[in-house]
Amino acid sequence: MSAFPLAAAASLSSSSSVAQSYGSALPPAMILAVIRENPVTIVVGETGSGKTTQMTQYLHEDGYTSLGLIGCTQPRRVAAMSVAKRVSEEMGVELGQEVGYAIRFEDCTSDKTFIKYMTDGVLLRETLSSEDLFQYKAVIMDEAHERSLNTDVLFGILKKVVAMRADFKLIVTSATLDSAKFASFFGNAPVFNIPGRTFPVDVLWSRTPQEDYVEAAVKQALAIHLRDPPGDILIFMTGQEEIEATCFSLAERLDQMRSGGQDVPELMILPIYSQLPSDLQAKIFDKAPEGSRKCIVSTNIAETSLTVDGIYYVIDTGYVKMKVYNPKMGMDALQVFPESQAAANQRSGRAGRTGPGTAYRLYTESAFKHEMLVSSVPEIQRTNLANVVLLLKSLNVDNLLHFDFMDPPPQENILNSMHQLWVLGALDNVGGLTSTGRHMVEFPLEPALAKLLLAGAAMGCSAEALTIVSMLSVPSVFFRPPDRAEESDAAREKFFVPESDHLTLLHVYQQWKNNGYRGDWCARHYLQGKGLKKAKEGKGLKKAKEGKGLKKAKEGKGLKKAKEVRAQLLDIMKTQRLPLTSCGSDWDVVRKAICSAYFSNAGKFKGIGEYVNCRTGMPCHLHPSSALYGLGYTPDYVVYHELVFTSKEYMQCVSAVEPEWLAELGPMFFSIKESHSSRQERRKKEAATAAAMAAEAAQAEEAKAAAAAAAAAEEAERRQKAREAAATPAGRRATTPRRPLGL
DNA sequence: GAGCACTGC
């Protein structure tokens, strides 16, 4: 085994005292001693410090594996796979034997495995069946500074495990900026520093704030291209539209210069974002021909998920697009925010992987210091928590408001998620898990989708529900290259089922199946068949190309991935003894099942393309990509999968529903003509829930509890108003829209 | 007639 890289400069510090530094060569014994003496150790290690591959091996040599497993979590699958492969090679064992990995579709471990790499989601799921993780002697949470939702939930759970088990060791990696915070959360844990092996990056600031950062980035890129020594350029933008504008403008300027007689060397302009078709994504890895250079214009995807070698120049606009959840509205918003200092440093670092580089920041140093957060708002504070609540409830965490989060999510968020789960029948009136809830937690799905599966099983259309859920669990299968937008739109419209986007997805899948799951069929109809080969993605890029191990990675993209998800969910359905039944061509039943999962996301017709949310009165619009858009067919009521604010409040994935279904399936929100007795009963139920939630809140600080109770009451009132305004159904539509012919 | 960062079970 190789020596611990750069151990000579390693230092040990305690969060509460002055850092001690060790100048002489430092054997791994040093860090092992720290781990031996402390239940939790924080490791600050830059990328390239070798911590991911070395730490597990040191723990193994120190004897931890004679007693149990060493686990190492990663936020991404590719990393879990490629790191496991590399460690197995370093140790000279077969992958999947002594060293293995586990990700959603693949458990590549055996009885002999003692070092196990996995995604953080896998370890979180494992806590469901073994609360104290008895099979593990040590867990390393790698890349924990990225603060994924799963990482944050694991923090709280593992902290409990540490308190329960004296024989358990936890090692958490952190960025320099928040090591003190991590250390204090884990009871003043010692901090161990391992310097990285990356090259220095010169950071240059803008002297004045930039009004138009697209323009500024284009100018900067051209200046580098015309003036500076060879080396590729990486520009960070917030989204697809900006990226396309930047690429267009760059190309235009180059053209202008050339037609003006200037001799400009070749520049390969390469956009990259997650929704870009795979074959175009792959182009960023092509080498620039001699005498020319690459300019990659990227979203956040190149910040952590993709690593391209050969970048010497980074241009950073200073902004990111983020999804933030508004619990009051039940709506996500995709908004542009200034990036955090940590993100800025991460982006700059991308210039120093191949050699010493330069980062041009298109904002002032003062803006960096005074206007940017030190680190990004963790996901747990800006996301819908229904899934987390369900998971914690099934772990018997009785008071969620007291759960030990490093950064607690807003209380309103938790209460709102509990309400959602109650509405779906997953929680009872006192906040306990129901049998429906216990079924739901078994599925790796968001609660509404799990409910759709259960409803499908109850209504005799679980096969159809299963397909729809699978299609909604993968990125859009519709392939839309920017230069063939109209053709691909036309191709997509051929699949439309006029009353439902959900059924459109079902239709696409069934046609694919009828055509033998063929790839050429997908290509012809502008559908995403599979995706990039794994070897093109992620950190393990080079290694994956050299070896053969990753060829086994069968995970695809698009329809192929939907098929894999479907198979996995079907397995779970079998273990849950849920029947697989098809309703044949009677797709109205499927819409009813959809209604039973989404009735709290109901909209009432207001005008062409416009609906109002039945509960909140919020306006919500049909998205132009919806099958229901602009067809002259205007159902009175629809339900939607999610509501996202971009330029307007847009409903994503919409289905027409019958008003009487809303009344039947969502009696807590809707009634056709309420009798006095049923109204009383409903109010009693609602009061009980509000009381239960307030009771939970009451255990928290007094002031917060008061606010929570007020929020619950407000919610009840809003619901009452909405109920009065909505849900007096018109008669059933006279004609059912024509179903499209199969292709 | 408009558009959406990135993960994960």
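In what follows, every chain begins at residue 1, and chains take the letters A, B, ... in the order their sequences are listed. Just the heavy atoms: all of them, side chains too, but no hydrogens, waters or symmetry mates, feed the values below.
Map A:A102 and A:P624 each onto its nearest nucleotide of DNA chain B; the residue landing nearer the 5' end is A:P624. Both A:E379 and A:E241 lie near DNA chain B, and the one whose nearest nucleotide falls closer to the 5' end is A:E241.
In this view, A:E303 and A:F236, A:N300, A:A343, A:Q346, A:R347 satisfy the side-chain contact (heavy atoms from CB on, under 4.5 Å) rule, not counting sequence neighbours. The side-chain contact (heavy atoms from CB on, under 4.5 Å) test applied to A:H641 returns A:E446, A:L449, A:L472, A:H502, A:Y598, A:C653, not counting sequence neighbours. Checked against side chain to side chain donor-acceptor pair (under 3.5 Å), A:N326 has no partners two or more places apart in sequence or in another chain.
Regarding contacts with the backbone of B:dC9, a side-chain N or O of A:R77 is found under 4.0 angstrom from either OP1 or OP2. Look at A:T646 and you'll find a side-chain N or O under 4.0 angstrom from OP1 or OP2 of B:dC4.
For residues 120-133 of chain A, the set of pairs meeting the salt bridge (charged side-chain N to carboxylate O under 4.0 Å, His left out) definition, not counting sequence neighbours, comprises A:K116-A:E126.
Minimum atom distance to the side chain of A:Y629 is reached by B:dG1, of the listed B:dG1, B:dC9, B:dA5. Checked against B:dG1, B:dA5, B:dC9, the side chain of A:R382 finds its nearest nucleotide in B:dA5. Here B:dA2 is the nucleotide among B:dG8, B:dG1, B:dA2 with the atom lying nearest to any side-chain atom of A:Y650. Listed nucleotides: B:dC4, B:dA5, B:dT7. Nearest to the side chain of A:S305: B:dT7.
Within 4.0 Å (heavy atoms only), A:R480 reaches at least one base atom of the nucleic acid. Residue-level contact check: A:Q275 touches the bases, meaning some heavy atom is under 4.0 Å from a base atom. When heavy atoms are screened at a 4.0 angstrom cut-off, A:D332 is found touching no nucleic acid atom at all. Among the protein residues, A:I301 comes within range of the sugar-phosphate backbone only, with heavy atoms under 4.0 Å from sugar or phosphate atoms but none that close to a base. Residue A:V122 is classed as a sugar-phosphate contact, given heavy-atom separations below 4.0 Å to backbone atoms only. Within 4.0 Å (heavy atoms only), A:S148 reaches no atom of the nucleic acid at all.
To the nearest angstrom, C1' of B:dG8 lies 14 Å from CG of A:L569. A:R76 places its CZ atom 11 Å from the C1' atom of B:dG8, with the value rounded to the nearest Å. One interatomic measurement links the two molecules: CG of A:L276 to C1' of B:dA5, which rounds to 14 Å at whole-angstrom precision. Between the CG atom of A:D489 and the P atom of B:dG1 there is a distance of 15 Å, rounded to whole Å. To the nearest angstrom, C1' of B:dA2 lies 12 Å from CG of A:L622. Whole-Å rounding puts the A:N300 CG to B:dA5 P distance at 10 Å. A:E244 has its CD atom 12 Å from the C1' atom of B:dC4, to the nearest Å. If you measure from atom CG of A:D571 to atom P of B:dC9, you get 16 Å, rounded to the nearest angstrom.
Considering all non-hydrogen atoms of both residues, A:R492 and A:S625 come closest at NH1-O, 2.8 Å.
To the nearest 0.5 Å, atoms CD (A:Q74) and OG1 (A:T151) are separated by 10.0 Å.
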Under 3.5 Å, sequence neighbours excluded: what are the donor-acceptor pairs made by side chains of residues 153-160 of chain A?
residue, atom, partner, partner atom, Å
A:K159, NZ, A:F185, O, 2.9
A:K159, NZ, A:D404, OD2, 2.8

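Side-chain atoms of A:E379 come within 3.5 Å of backbone atoms of A:L149 as a donor-acceptor pair (strictly under, hydrogens ignored).
Listed by residue number, the members of residues 441-448 of chain A with any heavy atom below 4.0 angstrom from DNA chain B are A:P444, A:L445.
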